[in-house]
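Here the structure comes first, spelled out in structure tokens, and everything after it is commentary.
Remember, it's 1-based here, ligands and their atoms both numbered in the order they're listed.
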Amino acid sequence: MHMMVARPEQWVKPMAVAGANQYTFHLEATENPGALIKDIRENGMKVGLAIKPGTTVEYLAPWANQIDMALVMTVEPGFGGQKFMEDMMPKVHWLRTQFPSLDIEVDGGVGPDTVHKCAEPVGRSLSDILVRNFCKIG
Ligand SMILES: O=C(CO)[C@H](O)[C@H](O)COP(=O)(O)O
């Protein structure tokens with residue numbers, strides 16, 4: 001579950017009860033990421049940590065060894081259909097280099113014209129999970 005919400009603390013238990021196996025929250029939305037990570041684990045879920053385009057990857061780095069997945073937003077959160085922000089790719093590259101076993105998700109503007117930019121290999125594939133809400137095939 002990608003929880004693009006304010007006060008993500010309040011939805012941990014309900015999502016676990018609903019059967020979620022991973023809980024991704026936005027680093028910008030909490031004042032205590034460590035406590036939230038612990039709570040998610042204690043509720044039996046994997047931890048995903050997302051950052052908005054304006055947030056530096058160094059802000060995420062202290063938590064990288066405690067999470068299962070880092071999500072680099074390649075659009076501003078809010079709505080679909082936005083243009084892929086290629087200038088977010090250095091964040092992905094840096095994370096892949098510093099934390100080789102960490103799963104990395106890219107969300108926003110991913111499509112036939114941009115997907116290769118997310119997937120160029122750096123040891124292993126640059127990004128592991130690509131999010132696309134609407135995709136026309138054929
Ligand atoms: O919630 C989102 C952004 O707030 C979407 O996950 C993101 O925009 C992906 O959509 P698209 O298919 O348009 O790239």
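- Heavy-atom proximity to atom 14 (O) of ligand 1, evaluated over G78, G109, G111, G81, is greatest for G109.
- At a cut-off of 3.5 Å, with distance as the only test, no side-chain donor of E86 or T114 sits close to an acceptor on the other residue.
- Set against the non-hydrogen atoms of G108, the atoms of ligand 1 under 4.0 Å away are 7 (C), 9 (C), 14 (O).
- For ligand 1 and M4, the ligand atoms under 4.0 Å from any heavy atom of the residue are 1 (O), 4 (O).
- In the vicinity of P77, heavy-atom distances shorter than 4.0 Å reach the ligand 1 atoms 4 (O).
- Checked against V57 for a side-chain contact (heavy atoms from CB on, under 4.5 Å), the options Q98, H93, K91 give a single hit: K91.
- No hydrogens or angles considered: nothing links the side chains of N21 and K46 as a donor-acceptor pair under 3.5 Å.
- Nearest heavy-atom pair, K52 versus E28, reported as atom, atom and distance to 0.1 Å: N-OE2, 2.7 Å.
- Looking at D107 next to ligand 1, an N or O pair under 3.5 Å apart turns up.
- Neither the backbone nor the side chain of F84 has any atom closer than 4.0 Å to an atom of ligand 1 (non-hydrogen atoms only).
- By the 4.0 Å N-to-carboxylate-O rule, R41 lies close enough to D68 to be salt-bridged with it.
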